[in-house]
Amino acid sequence: MSPVVGKAMEATLVVLYLGAVTATLYGGVVPEYRAATGGEIADRTLADAATDIEAAIPPETEAATVRRTVEMPATIAGSAYRIHAKNDSLILEHPSPEVSTRTPLVLPERIEHLSGTWASGETAVVRIVDGPDGLEIRLE
Amino acid sequence: MTDGRGQLSLSLVEAGVGVVFVLTVVFGFAVGVPAPDTETPQLDARAEDTATVLVNEPPRHAGETRLAEVTRSRSAFERERDALEARIDRILDDNLMYRVKTPHGTVGNERPASVPAGRATVVTAGGEVTVWIWHV
Amino acid sequence: MRGQANLLALAIALIVVTTVASVGVVVADGAFTTAQRDATERATAIALADRIVGTDSPVTDRRNVLNESLLEDERIDPIVPTGADIRITVDGDVLYERGDPVGGTTIRRLAILSERQSVTIEPRLDRPVVTLPRRSPTATVRVDPDSDVETVRANDRVVLYDRTGIDGEHDVRLSRYETTTLEFDGVVDTGEVSVTYYPRRTTKALVEVTVSD
């Protein structure tokens with residue numbers, strides 16, 4: 001067999017091998033790991049946001065309006081996401097279902113109302129105001 | 001695997017290089033990131049709780065609270081330090097050690113440098129009191 | 001021949017690289033499992049434990065002081081968040097439980113459990129002076145109508161006075177900072193006067209909050 005043919009076969013074999021490995025990795029393993037990592041980061045982001053909101057609640061004896069900025073990463077797993085408040089919990093919405101997650105908020109009884117949404121990439125502010133029935137928490 | 005010219009087969013070398021690259025990356029995640037330190041925040045909370053309990057305790061004699069009594073003066077500290085130690089021993093679990101520093105003196109054990117310890121500070125009328133807590 | 005030997009060497013080399021790569025994937029899997037954190041469970045447990053022992057908690061008198069008479073699960077229920085399995089124990093006794101939080105995160109806080117007791121003393125006939133051995137915020141003084149006591153003093157401060165004779169049960173506020181001595185003027189027969197005071201017994205209590213998502 002002439003060396004050229006031999007080399008050509010070797011080159012083809014290597015190219016095919018690379019194609020196969022790339023397809024396997026990017027088809028199965030890599031997206032799964034990206035989603036898992038994204039899920040972990042989303043968990044921690046949400047836990048930090050929940051802690052920040054709970055820490056911003058003023059003590060009972062003070063009548064105060066609180067306005068605090070909360071830090072969040074700009075993207076998770078390459079996409080923007082939203083955090084919104086519903087039914088005394090925080091929900092993180094993300095295009096990938098494995099990354100979306102939720103966590104309950106521990107709030108005192110004085111809190112009457114919780115609402116609002118944060119979009120990643122914009123400044124996230126939590127505002128706590130004294131409403132007619134009690135304290136209201138708004139995510140802006 | 002050598003060809004007639006006495007050189008190592010190129011494929012072997014290439015395979016060797018490829019293996020080294022892959023193993024370098026694998027080494028990166030085999031070592032991993034260090035586990036998070038969950039011990040210190042718990043100890044910090046325990047120190048904070050201990051300090052709060054001491055600050056709000058009724059004193060043995062006069063004075064507003066036990067800590068205020070102890071920090072009032074050097075002589076008050078000397079007189080009350082045993083009672084303070086006894087009280088802290090009762091509050092803490094047996095596997096925890098403590099060190100309490102007041103403006104007039106210190107009670108407790110020496111803090112070892114390598115062990116994670118929690119710490120909390122309260123301000124009393126007599127000055128600052130700092131509490132350190134660590135596992136035995 | 002040499003061409004085929006080279007091809008064989010290449011094939012073997014590729015197999016070696018593939019094996020190493022798959023070992024790498026297995027290691028990555030393992031590394032990922034060890035890097036998991038349960039961040040949300042931990043945050044919820046810390047926040048809940050803080051609310052329970054904090055100042056505006058439904059079960060505490062002051063920061064880190066639990067009131068034994070308030071320790072009921074109905075009182076805690078409003079602040080416990082929904083959506084997770086939670087168990088709260090005080091000194092090992094379960095105070096609140098929803099679901100079974102197996103394998104969750106546990107956070108511990110130290111607090112004092114304060115129980116109010118009620119102790120009644122009857123002063124002796126010849127010495128109508130009662131020194132309360134423990135501090136108490138109030139005391140209830142019961143005086144029989146035919147005992148002829150007009151004034152009751154606490155640490156030389158008049159707390160009850162009735163010119164026609166004190167009669168019945170009266171609550172009296174006492175000093176928070178000093179030991180109190182109650183004096184009754186007049187001659188008192190045994191059993192005609194009784195003083196009930198309410199010292200607080202405090203013991204340390206470990207609050208454990210376990211949360212499982």
Tell me, side chain or backbone of [X] under 4.5 Å from chain C's heavy atoms, or both, or neither?
| X | answer |
| --- | --- |
| A:L18 | neither |
| A:S89 | neither |
| A:A50 | neither |
| A:D88 | neither |
| A:T37 | both |

With rounding to the nearest 0.5 Å, note down the distance linking [atom1] in [X] to [atom2] in [Y].
| X | Y | atom1 | atom2 | answer |
| --- | --- | --- | --- | --- |
| A:D48 | C:T40 | CG | OG1 | 11.0 Å |
| C:R51 | A:L107 | CZ | CG | 7.0 Å |
| A:T51 | C:R42 | OG1 | CZ | 11.0 Å |

Would you mind checking which part of [X] comes under 4.5 Å of any heavy atom in chain A, side chain (CB onward), backbone (N, CA, C, O), both or neither?
| X | result |
| --- | --- |
| C:A28 | both |
| C:D29 | both |
| C:V17 | both |
| C:S57 | neither |
| C:T55 | neither |

A quick test of your reading: do over 12 heavy atoms of other residues, nucleotides or ligands sit less than 6.0 Å from [atom1] of [X]?
| X | atom1 | result |
| --- | --- | --- |
| C:D77 | CG | yes |
| C:E74 | CD | yes |
| C:R142 | CZ | yes |
| A:R67 | CZ | no |

> Short question: side chain of A:E40, backbone of C:R37 - any donor-acceptor pair under 3.5 Å?
Replying inline: yes

> A:P108 and C:I79: which non-hydrogen atoms are nearest, and at how many Å?
Replying inline: CA-CG2, 4.2 Å

>> side-chain contact (heavy atoms from CB on, under 4.5 Å) for A:R110 and C:D56? Distances and angles first, verdict last.
In response: CA-CA 10 Å; A:R110 308 175 266 140; C:D56 37 353; 2.6 Å; yes

>> Would you say that A:V106 contacts C:P81 through its side chain, given a criterion of any heavy-atom pair below 4.5 Å between the two side chains?
In response: yes

> So which of A:E109, A:R102, A:E32, A:K7 has the largest heavy-atom pair count under 4.5 angstrom toward chain C?
Replying inline: A:E109

> Do C:L14 and A:L13 pass the side-chain contact (heavy atoms from CB on, under 4.5 Å) test, and can you show the C-alpha distance, the side-chain angles, and the key distance before you say yes or no?
Replying inline: CA-CA 9 Å; C:L14 291 182; A:L13 194 58; 4.1 Å; yes

